[in-house]
Amino acid sequence: LLGDVDGDGDDDPCLPGGGRLSCDTEHDGGAAELQIPLATQAGDVPLLADVDGDGRADPCVFRGGRFLCDPRRSGSLSPFGLPFAAEPGAIPVLGNVNGI
């Protein structure tokens, strides 16, 4: 996944696994400098998006036709108010579509 998780204006590469997102915020290919809790379930599609407008990408998943996000990075996902319907197997993508 790519998203600006540290708010410095550059997208950071992150890999989900082991109940967290491991992000290389230094962009050096080394160990992850930032670990963000992300408890996924089988079939979840992990995503990053700045859902609270603070300039940092937040961990999210697409599960059962709903976006669930954790802008507080507490490890607790909650519904994000974006209704979405998709065909089975579709992979949603989040982005800043309104510039705000």
Minimal heavy-atom distance between Pro16 and Cys14, with the atoms involved, is CD-O, 4.1 Å
Could you check if a side-chain atom of Gln35 sits within less than 4.5 angstrom of a side-chain atom of Ser22, using non-hydrogen atoms only?
yes
Taking the side chain as every heavy atom from C-beta outward, state whether Leu48 and Asp58 have any pair of such atoms under 4.5 Å apart.
no
Between His27 and Asp11, which heavy-atom pair has the shortest distance, and what is it?
CE1-O, 3.2 Å
Determine whether a donor-acceptor pair (N or O, by modelled atom type, separation under 3.5 Å) exists between the side chain of Asp12 and the backbone of Cys23.
no
Examine distances only and state if a side-chain atom of Glu33 and a backbone atom of Glu26 form a donor-acceptor pair shorter than 3.5 Å.
yes
Looking at side-chain heavy atoms only, is the closest gap between Leu38 and Val61 below 4.5 Å?
yes
Under 3.5 Å donor-acceptor, Asp4 side chain and Ala57 backbone:
no
Of Thr40, Ile36, Val5, the one forming a side-chain contact (heavy atoms from CB on, under 4.5 Å) with Leu21 is Ile36
Tell me the closest heavy-atom pair linking Arg66 and Pro79, and the distance in Å.
NH1-CG, 3.7 Å
Criterion side-chain contact (heavy atoms from CB on, under 4.5 Å) on Leu34 and Arg73, from CA distance to verdict
CA-CA 11 Å; Leu34 181 60; Arg73 299 180 181 191; 3.8 Å; yes
Taking Pro46's backbone N and O only, do any of them form a donor-acceptor pair with Asp44's side chain (distance below 3.5 Å, no angle check)?
no
Of the non-hydrogen atoms in Val51 and Cys60, which two are nearest, and what is the gap between them?
CG1-SG, 4.1 Å
Are the side chain of Asp24 and the backbone of Gly29 linked by a donor-acceptor contact shorter than 3.5 Å?
yes
Would you say Asp70's side chain and Gly75's backbone share a donor-acceptor pair under 3.5 angstrom?
yes
Looking only at heavy atoms, which two atoms of Asp10 and Asp6 are closest? And how far apart?
O-OD1, 4.3 Å
Between Asp52 and Arg72, is a side-chain contact (heavy atoms from CB on, under 4.5 Å) present by the stated rule, with each step listed?
CA-CA 9 Å; Asp52 60 0; Arg72 292 190 178 126; over 6 Å; no
